[in-house]
Trainee: 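First the structure, then my questions, so here it is.
Lettering of chains follows the sequences in order, A, B, ..., and the numbering in each one begins at 1. These figures come from a predicted structure and were not determined experimentally. The figures here come from the full heavy-atom set of this structure, side chains too, leaving out hydrogens, waters and symmetry mates.
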Amino acid sequence: MEIKLVEAQIEAILFTMGEAVELDRLAMAIDHDEDTARKIIQNMMDRYEDESRGICIIELDGAYQLCTKASMYETIIKITHIPKKHVLTEVLLETLSIIAYKQPITRMQIDAIRGVKSDHPVNKLLEYNLICELGRLDAPGRPILFGTTEEFLRCFGLQSLDSLPAVNPEKLEDFKLQAEEEAHQLTLDI
Amino acid sequence: MEIKLVEAQIEAILFTMGEAVELDRLAMAIDHDEDTARKIIQNMMDRYEDESRGICIIELDGAYQLCTKASMYETIIKITHIPKKHVLTEVLLETLSIIAYKQPITRMQIDAIRGVKSDHPVNKLLEYNLICELGRLDAPGRPILFGTTEEFLRCFGLQSLDSLPAVNPEKLEDFKLQAEEEAHQLTLDI
Amino acid sequence: MSIPVKLEVFEGPLDLLLHLIEKNKVNIYDIPIVEITEQYLDYIKQMESRDLEIMSEFLVMAATLIKIKSRMLLPAPESEEEEELDPRQELVDKLLEYKMFKYVSDKLKDKQEDASRVMFKSPSIPKEISDYKEEIDVEELVGDLTLSKLHEIFTSIIKRQSDKIDPVRSKFGKIEQEEIDLSHIFTQIQEYGIAHKVFYFRNLLESQTTRMEVIVTFLGILELIKLGRIKIDQEYILDDIKITYMASDVITMEEAGF
């Protein structure tokens, strides 16, 4: 049935646009005159009234828009209050520890330490308010500098960043020596 | 009818949220257990198939999302400009398919299959949110493991990883036969 | 051999090999290794890649092909109990796997095209539900994660990082990327040949340590065999290669015709 197809088209357009769409634009898109378009939409509106539908078409000054029915309000409030499960994954923890100990640090420096692009974990940590932007580095491209937030301090029971356990330079030297020793033990077989 | 109301609620939720909503959150919002919720959604999906509907529900790894039917595309682009999605180059597609089929996989394993270093495509795919880090392999150097994202499923119209196009051993046999046939048709001048 | 003026760009050695196999319409399970190796070497000689990283990957494959070629030229040991594996087997497996992924990536491309015809809608949470900014309970998120755990994670990252730094090389300071000059090495081999007449492949490598130099030297040797300027013997598999220099002059690469 041709009319069914047109209804489907109208539904798809209103869904994609989100906002109100003027009758003349709708009519053009479905290749019908405005009168026909209006009649079809009126008809659709009636059918959206069915109690199994959660959305409906409203008319606003000669334009049409899809929206949820007013009676759905409680349900929508409910879903928006059901929290998604958030976890600090291994990736996030790793990134967080680098930022905590190396701040202020740019995203590129984080990438370099981790060996992989870290946009995603950085964005997640920003969303969780565990890190924040501290300003910009005075270097080409003026990259953003990241650091931890007050929220971070509170969650870890720290008074200030100074109370972060230090990674002392000696420890670093140790690592270097270790690596060198390991390298010496290897006979290169080229 | 109680069930009709629940259907309306689900439609309203999916419409409002826009993004994919996990089954457990949906179930909680409509005050039913997950099994019931799943059955109701399955039922709704069937009814969205009706030709008078321009939208439908898709499943993405146990989450549900509303979207337009693919057949509505021509009509929609008449009325709105649709931003071009990332065009994936051969290199990106190749790397992505290796990750999709072999996940979780390390960069070195990807390199080995492709015969070339894959840092660049891997970083690009991370940037497009088509792949993500899954953690680190418990092996020397603790290399990062990669896998595909929900965005990957959405972009490729897949319900879950199980719906990836099958590559069975028979296909390999096909290649073999093909190659043999070609070889037979030719006189080789070695 | 004439090569089309404009070189096709390949993603890597496997890509190039598959192309050659297809172009020659040969059976992937029975690759005419001599022919394909020659064409492969011809191709990479034309490559003007400034990117050593990429070039070295192509060269490694060249060395693999040459190795397979030489193993195939050797007579199969007669009284071996086990049947000798086809030296090409490993390469064939790799090629098949790679071909398979090229095939599925094509399938995925179609899927993506279909899927791109589907439209989604951005969230439209009513304004009046203004408190919809999803609350994230950071404290719950952090859970029983302690500072010392975070510290431990950081330490292990830093350790991993210093492991990655090669302590020997890092002492060299900034390493200038060295251009490996095939024509220079080509000449060097011949000069060595004139001076020693009979020598071993290993002798040539004494002053050269990088993988790249080894490969380039090996390529040079192959060229000289092709030109009939040297002859090689190898008594047993894995034995050092004995090289006899038969000419008495040095030919440049230009004179040799490449």
Trainee: Tell me, side chain or backbone of C:Ser122 under 4.5 Å from chain A's heavy atoms, or both, or neither?
Mentor: neither
Trainee: Can you tell me how far apart OG (C:Ser124) and CD (A:Glu19) are? Round to the nearest 0.5 Å.
Mentor: 12.0 Å
Trainee: Are there over 12 heavy-atom neighbours, none belonging to C:Asp93, within less than 6.0 Å of that residue's CG?
Mentor: yes
Trainee: Tell me the closest heavy-atom pair linking C:Val138 and A:Tyr128, and the distance in Å.
Mentor: CG2-O, 3.2 Å
Trainee: If you count every heavy atom of other residues, nucleotides or ligands that lies below 6.0 Å from A:Glu22 atom CD, does the total exceed 12?
Mentor: yes
Trainee: Would one find more than 12 heavy atoms of other residues, nucleotides or ligands at under 6.0 Å from atom NZ of C:Lys69?
Mentor: yes
Trainee: Supply the atom-to-atom distance C:Ile158 CD1 to A:Ile113 CD1, rounded to the nearest 0.5 angstrom.
Mentor: 5.0 Å
Trainee: Parallel, tilted or perpendicular: which describes the rings of A:Tyr101 and C:Phe154, with under 30° parallel and over 60° perpendicular?
Mentor: parallel
Trainee: Within a 6.0 Å radius of atom NZ on C:Lys197, are there more than 12 heavy atoms belonging to other residues, nucleotides or ligands?
Mentor: yes
Trainee: Would one find more than 12 heavy atoms of other residues, nucleotides or ligands at under 6.0 Å from atom CG of A:Asp61?
Mentor: no
Trainee: Which heavy atom of A:Phe15 sits nearest to which heavy atom of C:Lys121, and what is that distance?
Mentor: CZ-CB, 3.5 Å
Trainee: If you count heavy atoms of other groups shown closer than 6.0 angstrom to NZ of A:Lys102, is the number above 12?
Mentor: no
Trainee: Please look at A:Glu94 and chain C and tell me whether the side chain, the backbone, both or neither of the residue comes under 4.5 angstrom of a heavy atom of that chain.
Mentor: both
Trainee: Give me the atom names and distance for the closest heavy-atom approach of A:Leu130 to C:Val142.
Mentor: CD2-CG2, 4.2 Å
Trainee: If I take atom CD1 from residue C:Ile153 and atom CD from residue A:Glu90, how far apart are they, to the nearest 0.5 angstrom?
Mentor: 8.0 Å
Trainee: For C:Glu90, is the CD atom crowded, meaning more than 12 foreign heavy atoms sit under 6.0 Å from it?
Mentor: no
Trainee: Closest heavy-atom contact between C:Leu150 and A:Ser97?
Mentor: O-CB, 3.5 Å
Trainee: Please test A:Phe156 against C:Leu145 for side chain to side chain contact (heavy atoms under 4.5 Å, CB included), starting from the C-alpha separation and ending with a verdict.
Mentor: CA-CA 8 Å; A:Phe156 285 92; C:Leu145 178 70; 3.5 Å; yes
